[in-house]
Q: 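Pasting a structure here, questions to come.
Naming: A, B, ... by sequence-line order, numbering from 1 per chain. Small disclaimer: the values here were computed from a predicted structure and weren't measured.
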There are 2 protein chains.
Amino acid sequence: MQRLTVQRQAILDLINASNRHWDADEVARALVDAGASIGIATVYRGLAALESLGLIDSIQLADKKRYERADKAHHDHMICTGCGHIEEFSHETIEVLQQQIAAEKAFRLTGHQLVMFGLCRDCAEELDR
Amino acid sequence: MQRLTVQRQAILDLINASNRHWDADEVARALVDAGASIGIATVYRGLAALESLGLIDSIQLADKKRYERADKAHHDHMICTGCGHIEEFSHETIEVLQQQIAAEKAFRLTGHQLVMFGLCRDCAEELDR
DNA sequence: AGCGTAATGATAACCATTATCATTATTATG
DNA sequence: CATAATAATGATAATGGTTATCATTACGCT
Ligand SMILES: [Mn+2]
Ligand SMILES: [Mn+2]
Ligand SMILES: [Zn+2]
Ligand SMILES: [Zn+2]
């Protein structure tokens with residue numbers, strides 16, 4: 001990315017101003033709703049460009065990729081299969097153990113993604129009721 | 001699944017006879033190459049049906065779903081981004097810590113997927129050379 | 001101002017997966 | 001056994017997220 005265009009700045013601002021995990025379509029809709037003019041292809045390219053610079057982070061879910069602010073410490077995700085709510089967590093021991101496992105297998109670790117699935121408190125209660 | 005048809009039995013046998021992580025297309029091709037007659041739609045349906053019965057397991061990767069034998073103990077995966085090699089591992093402490101984290105957040109945990117990315121020994125050496 | 005190049009946006013293409021639907025196979029029933 | 005009910009198959013269309021194409025526009029620089 002050589003140019004931080006107005007479109008890319010708008011994407012970055014939108015994501016940085018929230019704690020959500022956005023998919024490309026949500027970003028496009030939010031920007032258009034806010035009066036911006038941006039095509040969906042530009043959103044996809046902008047998200048990829050911003051991520052490659054480390055300005056935003058992403059998680060790859062089963063159906064789609066979701067983007068979030070990069071100015072938070074590394075964390076993993078717990079997703080409610082009932083309502084879609086995403087809870088963040090981090091656990092230093094889990095991180096260290098992963099490095100140990102990689103070392104044992106002679107893997108040069110470059111990244112990881114831990115996603116836990118389940119029901120949030122509300123959805124679990126609703127189900128029990 | 002009410003009927004374990006010859007097609008579904010063939011899918012199950014193929015997967016059970018290997019340690020690979022198969023995608024739908026690979027399963028279809030392998031069966032056709034082995035002389036079976038099976039359509040790709042039937043493979044997709046068969047894989048889903050077998051999984052829902054717990055007869056096979058799956059991991060959801062970024063681009064596609066991959067299936068494997070279910071008669072192994074639970075494990076997670078480390079994937080080489082160089083050659084695609086998939087290494088399996090399991091770590092009891094990581095499993096327990098996940099349950100603790102879920103309990104703290106009042107999540108009713110139903111599953112998880114931990115994928116580590118990196119370079120296997122061979123690919124790392126190749127890169128250094 | 002003019003040139004070189006990166007980015008945009010509409011749209012086509014791609015790819016994995018699911019839906020449709022007529023046909024076939026299997027199971028249940030008389 | 002014959003036949004009805006229904007589940008599964010397979011060819012193919014459709015879907016949905018994402019990437020590629022390409023003409024046009026915007027930007028940075030001299
Ligand atoms: Mn997050
Ligand atoms: Mn495995
Ligand atoms: Zn929920
Ligand atoms: Zn490798």
Side-chain angles (χ1 to χ4, degrees), chain A residues 1-15 20-53 55-68 77 79 81 84 86 113 115, chain B residues 1-15 20-53 55-68 77 79 81 84 86 113 115:
Chain A
M1 182 168 88
Q2 291 88 331
R3 298 175 188 167
L4 187 53
T5 61
V6 290
Q7 288 90 344
R8 292 176 176 180
Q9 187 66 58
I11 295 172
L12 183 56
D13 290 346
L14 177 72
I15 292 177
R20 294 182 44 187
H21 300 81
W22 302 80
D23 67 32
D25 209 57
E26 289 169 347
V27 169
R29 222 189 331 267
L31 292 178
V32 168
D33 287 355
S37 167
I38 189 168
I40 184 65
T42 302
V43 172
Y44 275 104
R45 278 182 299 229
L47 288 169
L50 292 168
E51 181 179 25
S52 75
L53 285 181
L55 297 176
I56 58 178
D57 281 340
S58 77
I59 49 176
Q60 173 70 54
L61 302 185
D63 50 339
K64 57 180 63 163
K65 208 168 178 181
R66 289 187 168 275
Y67 294 86
E68 67 177 318
H77 299 92
I79 302 180
T81 50
I86 299 181
Q113 183 173 285
V115 181
Chain B
M1 183 168 86
Q2 291 88 329
R3 298 175 189 168
L4 186 52
T5 62
V6 291
Q7 289 90 345
R8 290 176 177 181
Q9 187 65 58
I11 295 172
L12 184 56
D13 290 345
L14 177 72
I15 291 176
R20 293 182 44 185
H21 301 79
W22 302 79
D23 66 32
D25 209 57
E26 289 168 347
V27 170
R29 222 190 327 267
L31 293 178
V32 169
D33 287 354
S37 168
I38 188 168
I40 184 66
T42 301
V43 171
Y44 274 104
R45 278 182 301 230
L47 289 169
L50 292 168
E51 181 178 25
S52 75
L53 286 180
L55 297 176
I56 57 177
D57 281 340
S58 77
I59 49 175
Q60 173 70 54
L61 302 186
D63 49 341
K64 57 181 62 163
K65 208 169 178 179
R66 291 188 167 274
Y67 294 87
E68 66 176 319
H77 299 91
I79 302 179
T81 51
I86 299 182
Q113 184 174 284
V115 180

Q: Under 4.5 Å between any side-chain heavy atoms of A/Leu50 and A/Met1, yes or no?
A: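 With C-beta onward as the side chain, the pair touches.
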Q: Would you mind reading off the distance between B/Leu50 atom CG and D/dA8 atom C1', rounded to a whole angstrom?
A: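 That distance rounds to 13 Å.
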Q: C/dT20 P sits how many Å from B/Ile40 CD1, rounded?
A: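 Rounded to the whole Å, the gap is 19 Å.
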Q: Whether B/Thr5 contacts D/dA7 is assessed here as follows: a side-chain N or O lying under 4.0 Å from the phosphate OP1 or OP2. Is that the case?
A: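 Checking B/Thr5 against D/dA7: no side-chain N or O falls below 4.0 Å of OP1 or OP2.
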Q: As an exercise, state the distance from CG of B/Leu14 to OH of B/Tyr67, rounded to the nearest 0.5 Å.
A: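 Spacing of CG (B/Leu14) from OH (B/Tyr67) equals 14.0 Å.
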Q: Using the side-chain hydrogen bond (donor to acceptor under 3.5 Å, both in side chains) definition, which of the options A/Arg66, A/Lys64, A/His21 pairs with A/Glu26?
A: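 Exactly one option meets the side-chain hydrogen bond (donor to acceptor under 3.5 Å, both in side chains) with A/Glu26, and it is A/Arg66.
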Q: Is the distance from OP1 or OP2 of D/dT6 to the nearest side-chain N or O of B/Arg3 less than 4.0 Å?
A: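 Negative; the distance criterion is not met.
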Q: Classify the nucleic acid contact of A/Asp23 as base, sugar-phosphate or nothing, counting any heavy atom under 4.0 Å across all strands shown.
A: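 The answer is nothing, as A/Asp23 stays clear of every strand by at least 4.0 Å.
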Q: Quick one: label B/Asp25 by what it contacts on the DNA or RNA (base, sugar-phosphate, nothing), any heavy atom closer than 4.0 Å.
A: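 No contact at all - B/Asp25 keeps every heavy atom at 4.0 Å or more from the nucleic acid.
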Q: What is the nucleic acid contact for B/Arg45, judged by heavy atoms within less than 4.0 Å: base, sugar-phosphate only, or nothing?
A: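 The residue B/Arg45 makes base contact.
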Q: Rounded to the Å, how far apart are B/Gln9 CD and D/dA8 P?
A: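 Computing the B/Gln9:CD to D/dA8:P distance gives 14 Å.
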Q: For a quick test of reading the model: is some side-chain N or O of B/Tyr44 closer than 4.0 Å to OP1 or OP2 of C/dT17?
A: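 Indeed, a polar side-chain atom of B/Tyr44 lies that close.
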Q: Report the distance from atom CG of A/Leu61 to atom P of D/dT18, rounded to the nearest whole Å.
A: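 Between P of D/dT18 and CG of A/Leu61: 10 Å.
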Q: From CZ of B/Arg8 over to C1' of D/dG10, roughly how many Å is that when rounded to an integer?
A: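 These atoms are roughly 13 Å apart.
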Q: Are A/Gln7 and C/dG9 close enough that a side-chain N or O sits under 4.0 Å from OP1 or OP2?
A: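 The answer is yes; a side-chain N or O of A/Gln7 sits under 4.0 Å from OP1 or OP2.
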Q: Looking at A/Gln2, does any N or O in its side chain come under 4.0 Å of the phosphate oxygens OP1/OP2 on C/dA7?
A: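 Yes, such a contact exists.
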Q: Would you tell me if any nitrogen or oxygen in the side chain of A/Thr42 comes within less than 4.0 Å of OP1 or OP2 on C/dG9?
A: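 Looking at the OP1 and OP2 atoms of C/dG9, one of them is under 4.0 Å from a side-chain N or O of A/Thr42.
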Q: Let me know, please, whether A/Ser37 or B/Asp63 comes out on the 5' side of the other along DNA chain C by nearest nucleotide.
A: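 Here A/Ser37 is the residue nearer the 5' end.
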Q: Could you give the CD1-to-C1' distance, from A/Ile38 to C/dA10, as a whole number of Å?
A: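 The answer, rounded to whole Å, is 14 Å.
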Q: Which whole-number value in Å describes the distance from A/Ile11 CD1 to C/dG9 C1'?
A: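 Checked: the CD1 to C1' distance equals 13 Å.
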Q: Taking the side chain of A/Ala41 as its heavy atoms from C-beta onward, which of C/dT17, C/dT11, D/dT9 lies nearest to it?
A: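 Of the candidates, C/dT11 comes closest.
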Q: CD of A/Gln60 versus C1' of D/dG17: gap in Å, rounded?
A: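 Spelled out: CD on A/Gln60 to C1' on D/dG17 is 10 Å.
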Q: Show, in sequence, the C-alpha distance, side-chain angles and deciding distance for A/Thr5 and A/Thr42, and conclude whether the side chain to side chain contact (heavy atoms under 4.5 Å, CB included) test is met.
A: CA-CA 11 Å; A/Thr5 61; A/Thr42 302; 6.0 Å; no
Q: B/Leu61 versus B/Asp63: any side-chain heavy-atom pair under 4.5 Å?
A: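 Heavy-atom side-chain distance check passes, below 4.5 Å.
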